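Note sheet for the following structure.
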Amino acid sequence: LLRVLGINLDRMRELLTREQRLSQILRTVTDINQLIVREQDVQKLLSEACELLVRGRGYSFAWVGLLEPDNVTLRLIAQSGDDIEPSAFTGRLDDEGDSGLACAINAIRSRSFFRVNPSGEDDPCKVCPRRRKDPNRTGVALPLLRDERVLGTLVVDHTLPNAIFDDEETGILQGLANDLAYALEKIEVDHRLVKYARNQRLLNEITTTALE
């Protein structure tokens, strides 16, 4: 009975810790969604989102990479949690060799999340700049999706070594990635409309001047 009671208590502690972690992550996601509503600058939006993910103490490192107009080059746009060399976080989707951005590239290619867990020699992340610093790094890469379009990826590393990103936590983070993708698309459309309106005003001024 004592052994069974001890097992049940340990299980309850694990469940309580997990629920507290998920609640903490949900609060962080809520803060980021409030940021999405008011921020119209892509750089500030993504930088502050990464900072909130790390500041919430759920993750040790977070970064966002966006695809260039060629839809092949992935470039780091924002990060938080560690000092890094930005050039190490730039890669190409058509790179068939060992890439330091294997998790991000796999997430974009598959249009689905990609979990990073320590493994053997076949580890696709063995040349990752983060893995060199933390051999026990665990993380998850999530695509930024808008309908048929992939804008980039959000990657977060767990605070605890060898920790597992379960389906529920991964689902919450994918929802956040989708919200960020929506915000990026909206900012792009808004900027396009502002540019169109500016061009129309200029055209009207030129037309009016010509008529006069």
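Computed from a prediction, not measured in an experiment: that's the story for all the values here.
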Identify the two heavy atoms, one from [X] and one from [Y], that lie closest to each other, and give their separation to 0.1 Å.
X      : Y      : result
Leu145 : Val150 : CD2-CG2, 3.5 Å
Leu53  : Ala62  : CD1-CB, 4.1 Å
Cys103 : Val116 : CB-CG2, 3.6 Å
Ala177 : Pro143 : CB-O, 3.7 Å
Arg146 : Leu151 : CG-CD1, 4.1 Å

Are there more than 12 heavy atoms of other residues, nucleotides or ligands under 6.0 Å from atom CZ of Phe165? yes

Mark yes or no: Arg21 above the aromatic ring of Tyr59, with NZ or CZ under 6.0 Å from the six-membered ring centre and no more than 45 degrees from the axis.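 Judged by the rule (NZ or CZ under 6.0 Å from the ring centre, within 45° of its axis), Arg21 counts as positioned above Tyr59.
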
Distance under 6.0 Å and angle within 45° of ring axis: Arg130 vs Phe61: yes

Looking at residues at least two apart in the chain, or sitting in another chain, which of them share a side-chain hydrogen bond (donor to acceptor under 3.5 Å, both in side chains) with Asp83? none

Kindly write out the residues that satisfy side-chain hydrogen bond (donor to acceptor under 3.5 Å, both in side chains) with Glu148, not counting sequence neighbours, or none if the list is empty.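 Checked Glu148 against side-chain hydrogen bond (donor to acceptor under 3.5 Å, both in side chains); zero matches.
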
Knowing that exactly one of Leu144, Leu26, Thr28, Leu154 qualifies, which makes a side-chain contact (heavy atoms from CB on, under 4.5 Å) with Leu176? Leu154

Short question: side chain of [X], backbone of [Y] - any donor-acceptor pair under 3.5 Å?
X      : Y      : answer
Ser80  : Val54  : no
Gln24  : Gly56  : yes
Asp70  : Thr73  : yes
Asp147 : Arg149 : no
Ser60  : His158 : yes

Can you check whether Ile187 reaches Leu45 side chain to side chain, under 4.5 Å on heavy atoms?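 Yes; the side chains approach each other to less than 4.5 Å.
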
Using side-chain heavy atoms (C-beta onward) and a distance below 4.5 Å, is Val155 in contact with Val64? no

